[in-house]
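Only one structure is covered here, and it is reproduced in the block below.
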Amino acid sequence: MAQDVFTARERWALAGHFSNTDGSVFAITTPRQVDRGALMSRYSRTAKGMRRVFLDEFLSDETRGERFYERVLAEYGDDSVAELGEAQIAVEGLSNIAVKTIQDRRIGLSYLEKSSRYVTWNKRDGDGKYMFYREPAIMASRHADAYEESCNTSFDAYSAAVDPMIRYVRERYPIGMYAFRDSRSGQEKPYDRLRLESDASAARGIYNGSTKAKALDILRGLLPAATMTNVGITGNGRAFEYLLSILGSSGLAEERDIGAAIRRELDGVIGAFVKRSDGKHGQELRRYLERARRAAKGGTAEARMKPVARPTGWLTALTEYDTEERAINKIVASVIYEHAAGTGHTYGGALRHARRMPMAQKERIIGRMARLRSNRRHRPPRAFEAAQYTFDLCNNFGMFRDMHRHRMLTMHRQLLTASHGYSVPEEMDAIGMGSAYREALDGSRDAFERIAKRHPGQAQYVVSFAYNYPYMIRMNLREACHMIELRTIPQGHADYRRVAQQMYAQIRRVHPRLCRIIRFADLKEYDLERFESEKRTSEKRRAAGGGSGSSGRRPSPKTNK
């Protein structure tokens, strides 16, 4: 189709709505989100170019976009067009229970959450109170005082330990242990041998940031799940609409309130895309979600599972997987099918052929794919999604928050409880605060057990991050490769590095040949997990002229323990 040609007057009219008027590739810059989405959808049903559609149908009709979505979404229920509207929403002062419910949504939404590694979480509000969520049902019950006392005790212990823990970490890992790049000589040198004051200042900043992060990593187990956080959400209208239904059907007042607040804010930016969430279809969906939860609960009771000993301590158990031969056959079949154009083979035919191939030949195919990966960002081909793994996990809730960020997998999780035990970091005893740590965690358990008798969902808020939390993950080999390689990088938290390393070991045990695709799992241990990452960032900044810091190749600590 010939490209549209516009008059000078038309080009002037288009200037504020498209990035160019003469190219075949252009950005849609018209300011109203609803018009951008409506244009995209209208575009699929006309032979006209998009800019011509805008001139003919949208330029002089300011309500065209809203009317379009009224008809397509409300009348026809064409859900896919709701993905054409996007928004960014910030939610501040929500609990670590509510933020996990929001982040359970895997598709169409992206999140950035306040870090427990870089931010000290012992701030108080204007009334001098620690910033944790006071759950209304609990605060209206006879357990209000126990709830407040437990959370305050946890925050008191956290606050009291921050400075001693930072001092301890710096004494245990003195700055002289680590090498920094001297900008004059280009050589790695200890801190006290750096020749420029700017180098020494940058090195001190890197070291201070890394040691503080290490200290806060150790202390986060004290925080109760009621601790308030912030989260930014970017997503499309369809995903937001489903999120609103999930929150609106929640049994927790906080989540229902957050859902209502998000809905109000979306009205001002992509209201047309989420309008159905409060309408007939939205109400039906909320009732369905509530009934589905009750049905699942009834099914659990009907199954009559006998109670067993609850797992305490850490658990990383590979519980479901194919035989390696079966997994290899599926992967090889996927590889050869994709490039079998003209052969007449279906996937079934490719699978039958793969089963007949000598194993040595199939191993060569897997090996070639593995050798092509020169860094962890080179994702394995999609064929490796054919192998599946299911893991039973039980590790502290603080660590779960990190693992929960992975989207391309299936995760099932239970209510947070204080039933699965906790561990005390050795560093707490080293600074003489192990007893305070245990007192806070035991108080968390006592308050939980009292509240849970009447309010099991609400009782989650009082449980500290250090308590172990059971969940399961089902994922394919391609995602396992991504998760394991990402979560074993040196700057990762020691807790989830340990679990990712255990996952790798168990996959390698059952699938030693397939495991070759996971080339960049780091099985070592590190002192200051953030040290090298902070140095790399500083060097890049220096090289780009963006501030002080060393420059050159990737530096490394003089010693790794």
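Hydrogens, waters and symmetry mates play no part in the numbers below; they use all other heavy atoms, side chains included. What you see is a predicted model, and the numbers here were worked out from it, not measured in a lab.
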- prompt: Does any non-hydrogen side-chain atom of Leu55 lie less than 4.5 Å from one of Leu14?
  reply: yes

message: Is a donor from one side chain sitting under 3.5 angstrom from an acceptor on the other, for Asp495 and Asn396?
response: yes

- prompt: Just one of Ile233, Val99, Asn230 clears the side-chain contact (heavy atoms from CB on, under 4.5 Å) bar with Glu113, so which one?
  reply: Val99

message: If we count only N and O atoms by modelled type, under 3.5 Å, do the side chains of Tyr130 and Asp156 hold a donor and an acceptor together?
response: yes

message: Taking CE in Met139 as the centre, count heavy atoms belonging to other residues, nucleotides or ligands within less than 6.0 Å. Is the count above 12?
response: yes

Interatomic distance, Phe132 atom CZ to Arg134 atom CZ [nearest 0.5 angstrom]: 3.5 Å

statement: Output for pair (Arg413 CZ, Tyr471 OH), nearest 0.5 Å, gives 11.0 Å

task: Please indicate whether Arg454 has more than 12 foreign heavy atoms, meaning atoms of other residues, nucleotides or ligands, lying under 6.0 Å from its CZ.
output: no

- prompt: Taking side chain as C-beta onward, heavy atoms only, is Phe54 less than 4.5 Å from His17?
  reply: yes

message: Can you tell me if Asp145 has over 12 outside heavy atoms packed within less than 6.0 Å of its CG?
response: no

- request: Taking atom CD of Glu290 as the centre, report whether more than 12 heavy atoms of other residues, nucleotides or ligands fall under 6.0 Å from it.
  value: yes

field: Lys123, NZ: over 12 other non-hydrogen atoms inside 6.0 angstrom
entry: yes

Verdict with reasoning, Arg286 to Ser245, per side chain to side chain donor-acceptor pair (under 3.5 Å): CA-CA 6 Å; Arg286 292 182 192 188; Ser245 295; 4.6 Å; no

query: Using a distance-only test with no angle check, is there a side-chain donor-acceptor pair under 3.5 angstrom linking His493 and Arg487?
result: no

message: Within this structure, what is the CG-CZ distance for the pair Asp56 and Arg52, rounded to the nearest 0.5 Å?
response: 5.5 Å

- request: Check whether any side-chain heavy atom of Tyr461 lies under 4.5 Å from a side-chain heavy atom of Ser95, and answer yes or no.
  value: yes

field: Spacing of Ile97 atom CD1 and Glu255 atom CD [to the nearest 0.5 Å]
entry: 8.0 Å

